[in-house]
Amino acid sequence: MAQPNAAGDLDAVALETALLETWGQENAFQSSIDSRRSGAPFIFLEGPPTANGKPGIHHVVARAYKDLVCRWKTMEGFLVERKGGWDTHGLPVEIEVQKRLDLMSNEQIESFGMKEFNQACRESVWTYEESWREMTERMGYWIDLDNPYVTLDNNYVESCWWALKQMFSKDLLYRGHKVLPYCPQTGTSYSSHEVAQGYKEVEEPSVYVKFKLVDQDASILAWTTTPWTLPGNVGLAVGPEVTYVRVKVTADAENWQGAGGASIGEELILAKDLMKEVLRHHAEVLEEFPGSELVGKAYEPLFPDAVPRGDSQTAWTILEADWVTTTDGTGVVHTAVMYGEDDYNLGMAAGLPAHHTVEMNGSFCKGVHPQLDGRYVKECDGTIIELLSSPGGSNGKGPQSGLLYREKLYSHDYPHCWRTDHPLLYYAMDSWFVRMTAVKERLIEFNSQTEWAPDWVGEGRFGEWIRNVKDWAISRERYWGTPIPVWRSEDGQMKCVGSIAELQQEVALAVAAGFENPDCPDDVDLHRPIVDEFTFVSDDGKPMKREPFVMDCWFDSGCASFAQWHYPFENKDTFESSYPIDYICEGVDQTRGWFYTLLAVSTTVFDSISYKRCLSLGLILDAEGKKMSKSKGNIVDPWDHFNREGADATRWYMVTAGAPWSPLKFDPNGVRETYAKMFLTLWNVYKFHADYAALDGFDPEKSANDVSSRPALDRWILSRMSSVASEYHNDFVSWNFHKACRDLEDFVVNDLSNWYVRRSRRRLWDEAENEDKASCQHTLHEILVVICRLMAPISPFMVDVIHRNLTGQPVHQAAWPLGVPGSLEGATSDEWDIEAAAATATIPPVDKKLEETMSLVRELAEAGRRIRVDAGRRQRLPCAQGWIVAGPDVSIFHDILAEELNVEEIAIEQDLNRFQKVELAPNFRTLAPKARAEVNAVSNEIKNAQNPDEMLAAIKAGGMQILGVDIDENDVEIRRAERDGFAAETVTIGQGEDAFQVSLVLDMQDTPLLLSKGLARDITRRIQAKRKEMDFEIEATIDLQVWLQNAPEMFESDQTWIATETRSAAAVFHSEGQAPANADSFTVDGISVQFTVE
RNA sequence: GCGCGGGUAGCUUAGUCGGUUGGAGCACCCGGCUGAUAACCGGGAGGUCGCAGGUUCAAGUCCUGCCUCGCGCACCA
């Protein structure tokens, strides 16, 4: 068993880096897992980061919370395996490579070569892997980075294929259209994330267009900000509840600006609320009616040749849509099916023809209109306006004034291409979908089984998302990703493969049918363009080509729970025994990301919950409260802190700075403060113990005396430790890590360092063996061991060093002080025998009464200092007596209190009235319900009572009334104030009904004995400072001479005391004579002192 | 625009069921204490509890509206 070595000064960075070496040599991470092999499994899943960006401090935060739960559960005896993971597919990777190779469009990528491009992506993915690894190791995040899952691995892709095939077989996968922001120049559609970066405010022409009704001499007015979508118009939407009016133009407009107009007598239809906004003519309202009356009416197409009717019954008629509002436009929404999401959904529901009027390159299709065909749509605004304005309008069937009513410049935010700066077009693209709407009820049910921290993310943000779930657009027209394993013939027959074996079968089938195919070996690369080259054969002998999409990379990570094991092709047992997951933890920005896709995949593939607990972390902001982002350049480099305060302080700061789910303003000063406060203090407590333990050859295993026989001070700190530890644990369970750590920090700094150690220093100075010293050493040892174990999950470095030195055992092998439920027979990650678990706890005994007593003692000590400040009496000058008036018995700590107060004797005084008078205060809690509106009047009567003693007596006697209100003892609070002429303080302990008051009175009389003692303390203090200044060894002896002037008598016993305290071999006190010139001097209360030390 | 979460001292924050004197820490000032560390203790200064209404005997706390910051959704005719 280890006898502790001396500690030395703290160099946190050196300590941590040296410990990392040790961990590496010992394989400490693995052995912390191996030693819990027989424990119940606790399943953690790492959300895979992308390694194509440099890790910042926000990544450290997420990893700290992942690590702390895993370490904590491990210490609780659970088996917590931790496989690393990397997210390697997706648009961010492609964009990075496109920037580097200057390939700004799909055309350019394809002429560069898809194979070469994807190779570049594959390499780019690992650009910062080394940085990530270094950061991960340095911060002490224990995760297996040597055997990670990687989403680009063939095995991983194959598992994703398998999952997709499950969806395909359950008819949850389908091909459709989705309207996406699209850049015709780069030929790329964008995810919302990219679009969000490209919003710009632009001013564009918006137009009010007349749609001439068939069979009626009236036009419906509709508004659009994108004139280029007008040729694609196939419908008009109105709100069924909205009120519309039919108006007749009665006079020409004055000051008309721009094109368009209307003739006198023309009739127009629009929402009543918007008449003022829209109309520029005087007009007479002919009738009013709800939108539902318009539904079904037909109107003349603006560009009759642009869109073929097909078999649509509803094309160019008025439709209803409940999302139509009257905040903008005319209350009538122009609907071009292919160029707006609402339009598309409405068009599909209503059976409008889905036909493009715009090519993928952004120009109008042939046949739209002779003046528009082949031109870039954004350049045609003027032409379209001209065509509409001509007599009869673009279709020749409108009124003489044309089909344009008005044009108006309109400014709004509009998405632009992040690279070319061109405006994006909303454009309906072929796309693949997972039918999430079909499993919505299951999603809701599974979500209700998940424990969210904080719960409002689960119920609110995530719940909201799920309740409004839409089908998941899973395909991307990109290159670098998991290819969609669906092959399709021109006539729409489809096959989905779920494994390499199935791929090989299909290829063989096609080859047999005479279709040429490249080789398809067992290790065929499952990426583009290899997989694109395979041709399948349909059941009726037609060729099938692969759908040219890759999957949303969120699909990849959503498969992580099984794809990491290459399930179902390998590791069936491993997966099945580790599902569902017990714990995941990521930033709240993953709500619609990973949190969702994990659940989406598990619901559609396994019809199962995915994870049982989810900790959703708040965003990390910089010290100014701005989001950290690469573009703002305000990312904090974790190494700034790893190299200065160390990873312990950085991690502890992150956890104590706020609740895990609150946004964290990362303040570099805060890390420094944490280091200085928590870690230096803890180290110095440890050093105090370890240095004396080393000196004395202290062995914690030997002669450990029973706690009950130790001094009250020891029993107090042990009890406090226990109480704090229990609360700490409870806070962990309820995810309140910040509260847990703040309380523990308070314990270390205040209770342990500032009180227990301060009060115990002298106990260890004694060089001889004695029971009191042993008690103190055992106590310190036991406290430090518990603290180390409690802190280990949060900040694993320094406490491991301390724990090893104190016990010989690494802290990550140690048991959680509150018990090890994971190691119990029959325990699972969720349930265990509570009593049996409690029996495994190793915290010291609790004595609440003792804690309360000490708390009172400390309050009194503080009160004593206040008294001295008020009375102008210096702390070193003793008082003859202190009286404690009222309150519980604290005699067990009278000796401590006497020292703290610097009084010769503590006495208990029963007679309150000797020092105090009574004051009464109303208790509103009980009084208010009785007195109702009179409460303030009654309260004044009580507060201003002429004779409170009498009033109190009357109340106690019963039957007392004030202003007709019965007053009993509960209705008043008794407060006490010092009578004039006493130096006293009253403290209130506790709250509410349990509150009581204790007073402290100090005797301010001086006596020669006291003056001598006080002077002795002042002199001693100065000499000690001098010793320190002269850098004497603690054991060194000195020769002392003191010259006093204007001083009270210095008693023999005090002279001896000074000599002993200052380790003076010889001490001479001169009451007269001249001190040498080199003597130090000071003055206190008019006494002048000079002294020399040699 | 909709939803969620914030706004408390110069900064970081605590504040439970509404209870009459809103606590800490950092920084600042004064004093004390120290063989006690980047310390500790006492005191001081510093607050329109985002703003405005309302409910109540009583509002930082509950209600309504607004302002503002962050995030998410929708950006839409």
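This structure is a prediction, so every number in the text was calculated from the model and none was measured. A note on names: the letters A, B, ... follow the listed sequences, proteins ahead of strands, and every chain is numbered from 1.
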What distance, rounded to whole Å, do you find between the two P atoms, one in B:G44 and one in B:U56?
38 Å
Check salt bridge (Lys or Arg N to Asp or Glu O under 4.0 Å) between A:D1018 and all other residues, then give those that pass, not counting sequence neighbours.
A:R874, A:R876
What N/O pairs connect the protein and nucleotides 38-44 of chain B at under 3.5 Å? Give each pair on its own line.
from: B:A38; atom 1: N1; to: A:R672; atom 2: NH2; distance (Å): 3.4
from: B:C41; atom 1: O2'; to: A:R865; atom 2: NE; distance (Å): 3.4
from: B:C41; atom 1: O2'; to: A:R865; atom 2: NH1; distance (Å): 2.8
from: B:G42; atom 1: OP1; to: A:E862; atom 2: OE1; distance (Å): 2.9
from: B:G43; atom 1: OP1; to: A:R866; atom 2: NH1; distance (Å): 3.4

Tell me what A:E464 touches on the nucleic acid: a base, only sugar-phosphate, or nothing, going by heavy atoms under 4.0 Å.
nothing
Residue met sooner reading RNA chain B from 5', once A:D1018 and A:K470 are mapped to nucleotides:
A:D1018
Whole-angstrom distance between B:A24 and B:A14, as gauged at atom P:
15 Å
Distance between P atoms of B:A9 and B:G47 (Å, rounded)
10 Å
Can you name the residues that form a salt bridge (Lys or Arg N to Asp or Glu O under 4.0 Å) with A:K1013, not counting sequence neighbours?
A:E904
Between B:A45 and B:C29, how far is it from one C1' atom to the other, in whole Å?
8 Å
Is A:R858 paired with A:E900 through a side-chain N to carboxylate O contact shorter than 4.0 Å?
no
Can you list the steps and then say if A:Y299 with A:N233 is a side-chain hydrogen bond (donor to acceptor under 3.5 Å, both in side chains)?
CA-CA 11 Å; A:Y299 63 87; A:N233 174 281; 2.6 Å; yes
Which of the following nucleotides, B:A77, B:G70, B:U34, is nearest to the side chain of A:V333?
B:A77
Check salt bridge (Lys or Arg N to Asp or Glu O under 4.0 Å) between A:E862 and all other residues, then give those that pass, not counting sequence neighbours.
none
When you compare B:U61 with B:G72, how far apart are their P atoms, in angstrom units rounded to a whole number?
29 Å
Identify which nucleotide among B:U37, B:C26, B:A77 has an atom closest to any side-chain atom of A:R761, counting heavy atoms from C-beta outward.
B:U37
Roughly how many Å apart are B:A74 and B:C62, using the C1' atom of each and rounding to a whole number?
32 Å
Applying side chain to side chain donor-acceptor pair (under 3.5 Å) to A:T229 and not counting sequence neighbours gives A:T226, A:H334
Does A:Y426 have a side-chain nitrogen or oxygen under 4.0 Å from the phosphate oxygens OP1 or OP2 of B:C76?
yes
Using a cut-off of less than 4.0 Å, is there contact between a side-chain N or O of A:T224 and OP1 or OP2 of B:A77?
no
Got a sec, which residues hit salt bridge (Lys or Arg N to Asp or Glu O under 4.0 Å) with A:E1061, two or more places apart in sequence or on another chain?
A:R762
Between B:C71 and B:G31, how far apart are the two C1' atoms, rounded to whole Å?
48 Å
Listing time: all N or O pairs from protein to nucleotides 12-15 of chain B that are below 3.5 Å?
from: B:U12; atom 1: OP1; to: A:K665; atom 2: NZ; distance (Å): 2.8

Partner residues of A:Y653 under the side chain to side chain donor-acceptor pair (under 3.5 Å) criterion, sequence neighbours left out:
none
Do any pairs count as a salt bridge (Lys or Arg N to Asp or Glu O under 4.0 Å) and have a residue in residues 460-472 of chain A, sequence neighbours left out, and if so which ones?
A:E464-A:R467
Residues two or more places apart in sequence or in another chain: which of them pass side chain to side chain contact (heavy atoms under 4.5 Å, CB included) with A:K408?
A:S206, A:Y208, A:R406
When rounded to the nearest Å, what value does the distance between C1' atoms of B:G5 and B:A77 take?
32 Å
Contacts of A:A937 meeting side chain to side chain contact (heavy atoms under 4.5 Å, CB included) (sequence neighbours excluded), chain-then-number -> A:E934, A:L963
Which heavy atom of A:C741 sits nearest to which heavy atom of A:V655, and what is that distance?
SG-CG1, 3.8 Å
Using a 3.5 Å cut-off on both pairing distances, which stems of three or more Watson-Crick or G-U pairs include RNA chain B?
B:1-7 with B:67-73, B:10-13 with B:23-26, B:28-32 with B:40-44, B:50-54 with B:62-66
So for A:R461 and B:C71, does any side-chain atom that can act as donor or acceptor lie under 3.5 Å from a complementary atom in the base?
yes
Glycosidic conformation of B:C17, taking syn as within 90° of 0 and anti otherwise:
syn
